[in-house]
Protein chains: 2
Amino acid sequence: MRIGQLAEATGTTTKTLRFYEESGLLPPAERLASGYRDYTEDAVGRIGFIHRGQAAGLTLAQIRQILEIREHGQTPCSHVQGLLGQRLGELDAQISELLALRETISQLHEKASKPEPDSCSADQVCRYI
Amino acid sequence: MRIGQLAEATGTTTKTLRFYEESGLLPPAERLASGYRDYTEDAVGRIGFIHRGQAAGLTLAQIRQILEIREHGQTPCSHVQGLLGQRLGELDAQISELLALRETISQLHEKASKPEPDSCSADQVCRYI
DNA sequence: CTTGACCTTCCACTGTACTGGAAGGTCCAT
DNA sequence: ATGGACCTTCCAGTACAGTGGAAGGTCAAG
């Protein structure tokens, strides 16, 4: 399977696949006599794993860690559990930050909806912010 | 007021202030005979505005837009209202994405908390992802 | 008169996940 | 033999908001 076919099969681009290889997320592919990369079916699963990891909010660096543990013959279960727990904590923090920000902006937005341009004094940039 | 004092007064760094000037967020400061930047009190307010804008989730580019409108002698009220409304929409989208992601990860995390390593087959990277 | 804190400019780099484009090689059909 | 689709490498750039460091100038205190 050539790189273009793999890209199509996995819904990505050849650029991205080469980037993944260079980043250590995909093992270097076998080469045909022409120099073209020649992928096996495994690659499809591997890229699926990368995509699922991304959908779970893991960074490529974290996904690479899991892959490396697996390559060293270990089962990365507890590591994955740790990563997911960590991610959960980050998400909770991020969500409450965004909710607070939403509250702030919502108030600013409401204030700005009843404009009183007269009260825009020259010494401030904007009455609302 | 020299740049270091302004940095301290506004809780930022000299690097950042020079970066703001270069980015058009701060008007080029007057210079002393020595070549040192010499700031007036205005600068403190201006940087406060930048910080409040950032706290409201605006990008430096958006803050610069507001500043430019103000510099052209117009009151940026309606523009600011637009920006805030837009930001509100983005925030809502971002929050619901994160909530969905949180749900996904939470389920994965729970699955991973009852490990059954026997079922980790060799042909997949990780049973949980 | 020297030390140290502070200032100047300029260039390059950080992290994240790609993306764009140039120059050239390969393969298959017409 | 030629056109087009596909592949190769390498270099550089995107957005964002700064950060790091080198080489050198300025100023007040001791």
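Proteins get letters first, then strands, A, B, ... in listed order; numbering begins at 1 in each. The structure displayed is predicted, hence computed values, not measured ones.
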5' priority, DNA chain D, between A/Arg2 and A/Lys15 [closest heavy atom]: A/Arg2
Pairing residues for B/Thr13 by the side-chain hydrogen bond (donor to acceptor under 3.5 Å, both in side chains) criterion, not counting sequence neighbours: B/Thr16
From CG of A/Leu25 across to P of C/dA17 the rounded distance in Å is 9 Å
Under 3.5 Å: donor-acceptor pair, side chain of B/Arg46, backbone of B/Pro27: no
Between P on D/dC16 and CD1 on B/Ile63, what's the gap in Å once rounded to a whole number? 12 Å
Taking only heavy atoms on the protein side, list every residue of residues 16-23 of chain B lying under 4.0 Å from any atom of DNA chain D, sorted numerically. B/Thr16, B/Phe19, B/Tyr20
I need the CD-C1' distance between B/Gln5 and D/dA28, as an integer number of Å. 14 Å
Please, which pairs that meet side chain to side chain donor-acceptor pair (under 3.5 Å) have at least one residue in residues 48-66 of chain B, sequence neighbours excluded? B/Gln65-B/His79
By side-chain contact (heavy atoms from CB on, under 4.5 Å) - contacts of B/Thr14 (at least two apart): B/Ile3, B/Ala7, B/Arg18
Quick check on B/Glu110: does its CD atom have over 12 non-hydrogen neighbours (other residues, nucleotides or ligands) under 6.0 Å away? no
Separation of D/dT8 C1' from A/Tyr39 OH (nearest whole Å): 12 Å
Who pairs with A/Asp42 by salt bridge (charged side-chain N to carboxylate O under 4.0 Å, His left out), at least two apart in sequence or on another chain? none
From CD of A/Glu8 over to P of D/dA5, roughly how many Å is that when rounded to an integer? 15 Å
For the helix from C/dC1-D/dG30 to C/dT30-D/dA1, how many degrees between its two end axes (five pairs per end), to the nearest 10°? 30°
Kindly check if the number of other-residue, nucleotide or ligand heavy atoms within 6.0 Å of CD (A/Glu8) is above 12? no
In Å and rounded to the nearest 0.5 Å, what is the CD1 to CG distance from A/Ile47 to A/Leu26? 5.0 Å
Taking only residues at least two apart or on different chains, which pairs with a member in residues 96-108 of chain A satisfy side chain to side chain donor-acceptor pair (under 3.5 Å)? A/Arg102-B/Asp92, A/Glu103-A/Gln107
Sorted by chain and residue number, the side-chain contact (heavy atoms from CB on, under 4.5 Å) partners of A/Gln94 (sequence neighbours excluded) come out as A/Arg87, A/Leu91, B/Leu98
Name the atoms and distances for all side-chain donor-acceptor pairs under 3.5 Å in residues 30-40 of chain A, with sequence neighbours left out.
from	atom 1	to	atom 2	distance (Å)
A/Arg31	NH1	A/Gly35	O	2.9
A/Ser34	OG	A/Tyr36	N	3.3
A/Arg37	NE	A/Glu21	OE1	2.9
A/Asp38	OD1	A/Met1	N	3.0

Suppose we screen for side-chain hydrogen bond (donor to acceptor under 3.5 Å, both in side chains). Which residues come up paired with A/Gln86, at least two apart in sequence or across chains? A/Glu90
Spacing of B/Ile47 atom CD1 relative to D/dA17 atom C1', expressed in whole Å: 15 Å
Could you list the protein-to-nucleotides 1-3 of chain D atom pairs, N/O on both sides, closer than 3.5 Å?
none

Residue pair A/Phe19 / A/Leu60, side-chain heavy-atom distance below 4.5 Å: yes
Any side-chain N or O of B/Gln62 less than 4.0 Å from the OP1 or OP2 oxygen of D/dA17? no
Strand contacts (DNA chain D) in residues 30-38 of chain A, 4.0 angstrom heavy-atom criterion: A/Arg31, A/Gly35, A/Tyr36, A/Arg37
